[in-house]
Amino acid sequence: MAKEIIHTDKAPAAIGAYSQAVKAGNTVYLSGQIPLDPATMTVVEGGFAAETHQVFKNMKAVCEAAGGSLDQIVKLNAYLTDLSNFATFNEIMGQYFSQPFPARAAVGVASLPKGVLVEAEAVLVL
């Protein structure tokens, strides 16, 4: 099966040896998005809520570049450096997704790239 690399300038460029997303068949695997402003490649300011909004904006841009939307995500994995932010993450996620919601995991981690507070990756089915 051929794989197609998905890239958009509306989401942050990769900061390592990975692609923003890879499409195989009708499935798109989105790499983890952190709260980088795609124009400046700097972490957005404003704390956990602002970072979470930017993560979903970046994810939306990659979904659209693949020809899909956030509502076509079937699985989302979230990584939070402080699980006390879990309720805030849920509230903000609800602003970007509608029912039926994707399957999801939320994992507490010690740290994330560039010192951010949140990262999320997803699987999209077109």
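Nearest heavy-atom pair across Ala66 and Ile6 is N-CG2, 3.8 Å. Met93 approaches Arg104 most closely through the heavy-atom pair SD-NH1, 3.2 Å. The two residues Pro12 and Leu36 have their closest heavy-atom pair at CG-O, 3.3 Å. Taking each heavy atom of Tyr18 and Ala13 in turn, the nearest pair found is OH-O, 4.5 Å. Smallest separation of non-hydrogen atoms from Phe89 and Leu80: CB-CD2, 4.2 Å. A pairwise comparison of heavy atoms in Gly68 and Leu126 identifies CA-CD2, 3.6 Å as the closest pair.
The structure places CG of Asp71 at 11.0 Å from CD of Gln99, a figure rounded to the nearest 0.5 Å. Between the CD atom in Glu51 and the CD1 atom in Ile34 there is a gap of 9.0 Å [rounded to 0.5 Å]. Put simply, OG1 on Thr52 and NZ on Lys57 are 11.5 Å apart, with the number rounded to the nearest 0.5 Å. In this structure, OG on Ser69 lies 7.0 Å from CG on Leu124, to the nearest 0.5 angstrom. The CG atom of Leu117 sits 7.0 Å away from atom CG of Asn85, with the distance rounded to the nearest 0.5 Å. The line from CG of Asn90 to CZ of Phe97 is 11.5 Å long, rounded to the nearest 0.5 Å.
In this structure, Val123 is not a member of the same hydrophobic cluster as Val22, with clusters built from ILVMFWY side-chain heavy atoms closer than 4.5 Å. When hydrophobic clusters are built by joining Ile, Leu, Val, Met, Phe, Trp and Tyr residues whose side-chain heavy atoms come closer than 4.5 Å, directly or via intermediates, Val74 is not grouped with Leu76. Residues Met59 and Met41 do not share a hydrophobic cluster, defined by chaining ILVMFWY side chains whose heavy atoms lie under 4.5 Å apart. Cluster membership for Ile73 and Phe101, using ILVMFWY side-chain heavy atoms within less than 4.5 angstrom, is shared. With hydrophobic clusters built from ILVMFWY side chains whose heavy atoms lie under 4.5 angstrom apart, Val118 does not share a cluster with Ile15.
Not counting sequence neighbours, Lys10 has no partner by the side-chain hydrogen bond (donor to acceptor under 3.5 Å, both in side chains) test. Take Gln54 and apply the side-chain hydrogen bond (donor to acceptor under 3.5 Å, both in side chains) test, not counting sequence neighbours, and it matches Asn58. With sequence neighbours excluded, the residues forming a side-chain hydrogen bond (donor to acceptor under 3.5 Å, both in side chains) with Ser84 are Asp82, listed by chain and number. Evaluation of the side chain to side chain contact (heavy atoms under 4.5 Å, CB included) rule for Ala105 yields Lys75, Asn77 as partners, not counting sequence neighbours. For Tyr96, the ring pair (Phe, Tyr, Trp, His ring centres under 6.0 Å) test picks out His53, Phe56, with sequence neighbours left out. Remark: Lys60 pairs with Glu64 by the salt bridge (charged side-chain N to carboxylate O under 4.0 Å, His left out) rule, at least two apart or across chains.
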Worked check of side chain to side chain contact (heavy atoms under 4.5 Å, CB included) between Gln33 and Val62: CA-CA 9 Å; Gln33 287 294 323; Val62 176; 3.8 Å; yes

Would you check, one step at a time, whether the test side chain to side chain contact (heavy atoms under 4.5 Å, CB included) holds for Val125 with Gln72? CA-CA 6 Å; Val125 177; Gln72 292 170 292; 5.9 Å; no

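The backbone N or O of Leu30 sits nowhere less than 3.5 Å from a side-chain atom of Gln20 that would complete a donor-acceptor pair. At distances below 3.5 Å, not a single donor-acceptor pair connects side-chain atoms of Thr81 with backbone N or O atoms of Ala110.
Atom CD of Glu45 is surrounded by 12 or fewer heavy atoms from other residues, nucleotides or ligands within 6.0 Å.
Contact annotation: the side chain of Glu119 approaches that of Pro113 to within less than 4.5 Å [non-hydrogen atoms, C-beta and beyond].
Tyr29 and Glu121 share no side-chain donor-acceptor pair at under 3.5 Å.
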